[in-house]
Amino acid sequence: MKKGLLIVLSGPSGVGKGTVCSVLRHRMPELIYSVSATTRAPREGEMDGINYFFRTREQFQDMIARDALLEYAEYVGNYYGTPRDFVEKTLASGKDIILEIEVQGALKVKEKFPEGVFIFLTPPSLDELKQRITGRGTETDDLIDHRMNVAVEEMNLMQHYHYAVTNDQIEAACSRIQSIVTAEHCRIDRNCSVPVQGTEAIRESMR
Ligand code: 5GP
């Protein structure tokens with residue numbers, strides 16, 4: 001069976017990855033979302049098992065020790081990681097899965113899955129990004145500065161991704177991502193494990 005696509009979506013904190021993912025959920029209901037584990041405290045309205053698996057540091061260390069995470073990274077003082085089993089089973093069943101993760105983790109995934117599709121969501125400007133983080137009202141001033149510094153460092157690693165999508169307007173950004181996924185499914189190297197060569201072989205394979 002053809003394996004599903006592993007799609008990684010990164011981008012600085014506040015760029016709107018969460019909103020993009022929730023719009024994509026409606027537009028592409030066939031796409032599966034990986035739920036990460038984190039040691040960060042839940043924000044208002046976030047639910048365990050839906051937004052994240054909220055875990056203690058000890059529980060997280062235990063997952064690392066059991067090799068239960070495909071990747072993990074420390075980000076602004078907390079651990080975040082992708083449960084391995086779910087990703088592997090989803091891909092094996094032929095379904096596409098999207099991981100919304102930060103850059104260090106994405107680069108680790110790229111080493112393990114070079115055939116993955118790596119998309120970087122960028123803000124229209126750094127000023128706009130700061131306004132979005134501040135407007136969220138969930139972070140202290142120090143944390144906002146920290147997230148802005150991390151954001152610039154993350155954008156410096158954009159070159160390791162296959163696609164850059166500007167989140168200037170949410171629906172437009174989602175349309176670009178949908179187009180990328182469609183195009184990736186049409187790639188010759190994803191559709192023919194052995195390239196069909198010769199006119200007779202082509203006739204045979206198209207019967
Ligand atoms: P937040 O605290 O704003 O929910 O997430 C902070 C950052 O952690 C975001 O950039 C988010 O994409 C990233 N993140 C979420 N889950 C994971 C994960 O499983 N692994 C890694 N490496 N980063 C993650």
Side-chain angles (χ1 to χ4, degrees), residues 6-25 32-57 59-64 66-88 90-91 97-113 116-123 126 129-140 142-158 160-161 163-165 167 173 177:
L6 178 125
I7 303 154
V8 171
L9 182 70
S10 297
S13 172
V15 74
K17 289 171 297 200
T19 319
V20 163
C21 281
S22 53
V23 174
L24 284 177
R25 267 176 205 266
I32 308 290
Y33 290 78
S34 159
V35 178
S36 298
T38 184
T39 58
R40 157 165 95 55
R43 295 190 185 120
E44 208 180 309
E46 285 185 333
M47 287 197 288
D48 187 45
I50 306 276
N51 304 94
Y52 281 106
F53 295 110
F54 294 101
R55 296 292 180 260
T56 62
R57 279 185 106 78
Q59 288 170 329
F60 201 96
Q61 300 284 3
D62 181 56
M63 282 189 282
I64 297 172
R66 286 186 288 111
D67 200 22
L69 298 173
L70 186 63
E71 61 73 38
Y72 67 92
E74 199 169 354
Y75 181 90
V76 196
N78 281 299
Y79 282 117
Y80 295 82
T82 306
R84 175 196 300 281
D85 242 31
F86 185 71
V87 173
E88 290 179 348
T90 304
L91 292 174
I97 187 163
I98 186 161
L99 277 53
E100 190 245 281
I101 63 176
E102 55 68 64
V103 179
Q104 303 166 60
L107 296 185
K108 287 185 211 155
V109 174
K110 198 169 173 219
E111 276 170 26
K112 293 180 187 165
F113 290 88
V117 182
F118 292 79
I119 305 174
F120 197 93
L121 197 63
T122 62
L126 283 180
L129 184 67
K130 189 160 186 181
Q131 274 173 31
R132 289 184 194 176
I133 298 178
T134 311
R136 200 155 64 181
T138 52
E139 261 86 17
T140 59
D142 277 358
L143 213 48
I144 291 169
D145 286 346
H146 192 161
R147 285 197 179 231
M148 283 302 294
N149 290 335
V150 173
V152 176
E153 279 166 26
E154 286 185 320
M155 288 171 73
N156 195 29
L157 293 170
M158 205 193 309
H160 298 288
Y161 286 70
Y163 298 95
V165 170
N167 188 16
I177 293 173

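Treat the numbers as computed from the prediction; the structure is a model and nothing was measured. Whatever order the structure lists them in is the order used to number ligands and atoms, beginning at 1.
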Lys130 NZ: over 12 foreign heavy atoms closer than 6.0 Å: no
Report the residue from Ile119, Leu9, Val103 that forms a side-chain contact (heavy atoms from CB on, under 4.5 Å) with Tyr161. Val103
Neighbour list for ligand 1 [protein residues, heavy atom under 4.0 Å]: Lys17, Ser36, Arg40, Arg43, Tyr52, Glu71, Ala73, Tyr75, Tyr80, Gly81, Thr82, Glu100, Ile101, Glu102, Gly105, Arg147
Is it true that Lys17 and Glu102 make a salt bridge, defined as a side-chain N closer than 4.0 Å to a carboxylate O? no
Could Arg57 and Glu74 be called an ion pair, given the rule that one side-chain N must be under 4.0 Å from one carboxylate O? yes
Heavy-atom check, side chain of Tyr75 versus side chain of Arg40, under 4.5 Å: no
Taking 4.0 angstrom as the limit, do Asp48 and Arg55 come out as a salt bridge? yes
